[in-house]
Amino acid sequence: MTRQKHSLQEVVGPQTYTTWVDMLRYLIPDGRTHRLAPLVAGMLQYATAVALESAVENEVGMGLQEATEAYDPDEAGKLLLPLIDQLFSDAGVSYQRTNARGQGYSIAEEIVREYVSWFDMPWES
């Protein structure tokens with residue numbers, strides 16, 4: 001039995017999802033992580049808002065709702081990484097990168113951190 005791949009398209013619809021895939025296909029190859037991570041985190045925040053507003057009752061919508069309650073990036077990552085993986089896969093791009101020192105890192109991990117801290121305002125602490 002093959003596990004069905006879930007995508008954000010189930011929440012945001014085919015038109016929005018196709019636009020996101022096209023954007024990532026164009027932006028990821030030469031984009032900078034510190035710009036890309038907030039962009040994709042914003043896509044996830046939008047999908048979460050749509051899921052909450054429309055009371056989406058599918059696995060993706062419920063996972064996004066759970067992720068909003070996770071303050072730990074590892075916990076949120078378990079819910080979000082499969083969606084990020086599918087989004088990047090559909091765009092035909094990789095979220096794995098290598099820095100100037102030859103060390104590997106993941107844009108996906110940065111996306112999750114941005115998502116979790118989306119509403120944080122450190123200057124108000």
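Heads up: numbering here begins at 1 and tracks the sequence.
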Common cluster, Trp118/Leu80, ILVMFWY with side-chain heavy-atom separation under 4.5 Å
no
Atom CG in Asp22, atom OH in Tyr17: separation rounded to 0.5 Å?
11.0 Å
Show every donor-acceptor pair shorter than 3.5 Å between a side-chain atom in residues 100-111 and any protein atom, with sequence neighbours excluded, or say none if there are none.
from, atom 1, to, atom 2, distance (Å)
Gln103, OE1, Asn99, ND2, 3.0
Tyr105, OH, Thr33, OG1, 3.1
Ser106, OG, Ala108, N, 3.1
Ser106, OG, Glu109, N, 3.3
Glu110, OE2, Arg113, NH1, 2.4

Side-chain contact test, heavy atoms from C-beta onward, threshold under 4.5 Å: evaluate it for Val11 versus Asn58 and give yes or no.
yes
Can you give me the closest heavy-atom contact between Pro73 and Val112, atom names plus distance?
O-CG1, 3.3 Å
Does Thr16 form a side chain to side chain contact (heavy atoms under 4.5 Å, CB included) with Val50? I'd like the steps, not just the answer.
CA-CA 12 Å; Thr16 298; Val50 169; over 6 Å; no
Inter-residue atom distance Glu10.CD - Leu83.CG, 0.5 Å rounding:
8.5 Å
Minimum heavy-atom separation for Met23 and Leu39, please, with both atom names.
CE-CD1, 4.1 Å
Specify the closest pair of heavy atoms between Ala51 and Gly61, including all atoms of both residues, with the distance to one decimal.
CB-CA, 3.9 Å
Which heavy atom of Arg97 sits nearest a heavy atom of Gly31, and at what distance?
NH1-O, 2.9 Å
Yes or no on side chain to side chain contact (heavy atoms under 4.5 Å, CB included) for Leu64 and Leu8, after CA distance, side-chain angles and deciding distance?
CA-CA 9 Å; Leu64 288 167; Leu8 293 166; 4.1 Å; yes
Closest approach of Ala91 to Arg25 (non-hydrogen atoms, all atoms of both residues)
O-NE, 3.3 Å
So which atom in Pro82 and which in Gly77 form the shortest heavy-atom distance, rounded to 0.1 Å?
CD-O, 4.0 Å
Does a side chain donor of either Thr68 or Tyr115 reach within less than 3.5 Å of an acceptor in the other side chain?
no
For the residue pair Leu24 and Leu36, establish whether any side-chain heavy-atom pair is separated by less than 4.5 Å.
no
Please report the interatomic distance NE2(His6) to CG(Asp85), rounded to the nearest 0.5 Å.
13.5 Å
Taking the side chain as everything from C-beta on, heavy atoms only, tell me whether Ser7 gets closer than 4.5 Å to Val60.
no
Mind checking whether Leu87 and Leu79 sit in one hydrophobic cluster, side chains of I, L, V, M, F, W, Y counted as touching below 4.5 Å?
no
